[in-house]
Amino acid sequence: MTVLVPQTEGVEILSEVDGLRPVLYDPEKPLPDEAATARALVPPFLATSDAIALTDGMPKLEIVQLLTAGAEAWIGKLPDGVALSDGRGAHGGATAEWVVSVLLAVYRHLDRFVRAQDRGVWDYHRTEELAGKKILIIGAGDVGAKTKARLEPFDVEITLVGRSARDGVHGWDELPQLLPRHDATVLIVPLTDETRGMVNAEFLAAMPDGALLVNGARGPVCDTDALLAELTSGRLRAAVDVTDPEPLPEGHPLFSAPGLLLTPHVGGSVPLAMRRAYGVAAEQLAAFAAGDEPPNLVTGAY
Ligand SMILES: O=CC(=O)O
């Protein structure tokens with residue numbers, strides 16, 4: 001099965017799988033001749049919905065395999081009969097680690113100390129402790145579960161929330177009661193019609209004074225203006241890896257919002273990220289080529 005793949009580190013993993021023939025393409029240039037017969041496409045990492053245009057030149061396309069867990073740019077946009085499979089599992093550990101690192105950074109005031117160091121000031125003051133904090137994790141998928149596992153040794157109280165309640169997971173309908181009871185709320189949900197704008201003024205108002213919002217999901221899950229209002233008033237704090245818009249244009253008010261720790265969508269970006277993503281892609285495409293359903297197939301229930 002011919003697979004069109006962007007030239008990225010780790011792509012060689014696909015060549016090691018029997019039955020797969022990866023052919024490189026440059027997303028900025030016309031597709032190679034093999035596009036006419038290729039049955040699979042791997043879009044560039046974190047590609048926006050503009051990348052859908054790549055599928056126009058692929059009449060035999062049967063499956064799009066993503067290198068990311070987030071599939072929002074592709075859901076419902078592919079030609080009929082073309083399957084979509086995501087990169088779930090590849091970046092979960094690194095993203096969970098990002099969540100732990102910002103929780104520690106915020107509670108131990110690392111940003112304030114770095115600023116003081118830049119100014120040559122010995123800014124001695126007491127900080128806060130992560131231990132004992134009540135943390136609400138919204139999103140009970142791969143990243144949510146890994147975040148919970150990595151946070152557990154810090155002696156925090158964790159509540160996990162998913163779309164629907166199940167063993168050890170509370171349902172979204174319980175959020176109005178849960179939000180006021182937690183010191184930090186961590187967003188690890190996919191961007192869907194249901195989650196777009198889910199964190200609005202009302203949601204934020206339900207968080208207690210001084211609470212911390214952590215967004216490791218997607219920018220549009222949170223209403224930027226509503227968050228800015230809470231940050232500007234000094235009532236809430238936030239740590240975000242994703243923004244709306246993204247990337248943030250120069251001079252955007254989020255850059256100077258008080259109480260915000262901002263990172264440029266790097267949660268999953270670690271040295272092994274691409275190799276792991278291609279490892280997951282190889283498993284999915286091998287299953288598809290063998291006539292089986294890829295484990296990460298994105299279905300309507302996503
Ligand atoms: O943002 C990263 C991902 O969706 O995997």
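Quick caveat: nothing in here was measured; it's all calculated off a predicted structure. In listed order, ligands and their atoms are each counted from 1. Computation of the quantities below employed the complete heavy-atom set of this structure, encompassing side-chain atoms and omitting hydrogens, waters and symmetry-equivalent molecules.
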Evaluation steps, side-chain hydrogen bond (donor to acceptor under 3.5 Å, both in side chains), between E34 and T2: CA-CA 8 Å; E34 287 87 342; T2 301; over 6 Å; no
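Within the 4.0 Å heavy-atom shell around ligand 1 one does not find R88.
Checking D241 against T263 by side-chain atom types alone, a donor-acceptor pair falls below 3.5 Å. Between the side chains of H182 and E157, no donor-acceptor pair is found at a separation under 3.5 Å.
In terms of N/O distances under 3.5 Å, ligand 1 is not approached by L67.
Looking only at distances, a side-chain donor or acceptor of N296 sits under 3.5 Å from a matching main-chain atom of D86.
Listed by atom number, the atoms of ligand 1 under 4.0 Å from H265 heavy atoms are 1 (O), 2 (C). Atoms of ligand 1 found under 4.0 Å from any heavy atom of R218 (numbered from 1 in listed order, with element): 1 (O), 2 (C), 3 (C), 4 (O). Every atom of ligand 1 is numbered from 1 in the order shown, and the set under 4.0 Å from a heavy atom of A69 is 3 (C), 4 (O), 5 (O).
In this structure the side chain of I138 reaches within 4.5 angstrom of the side chain of L136, judged on heavy atoms.
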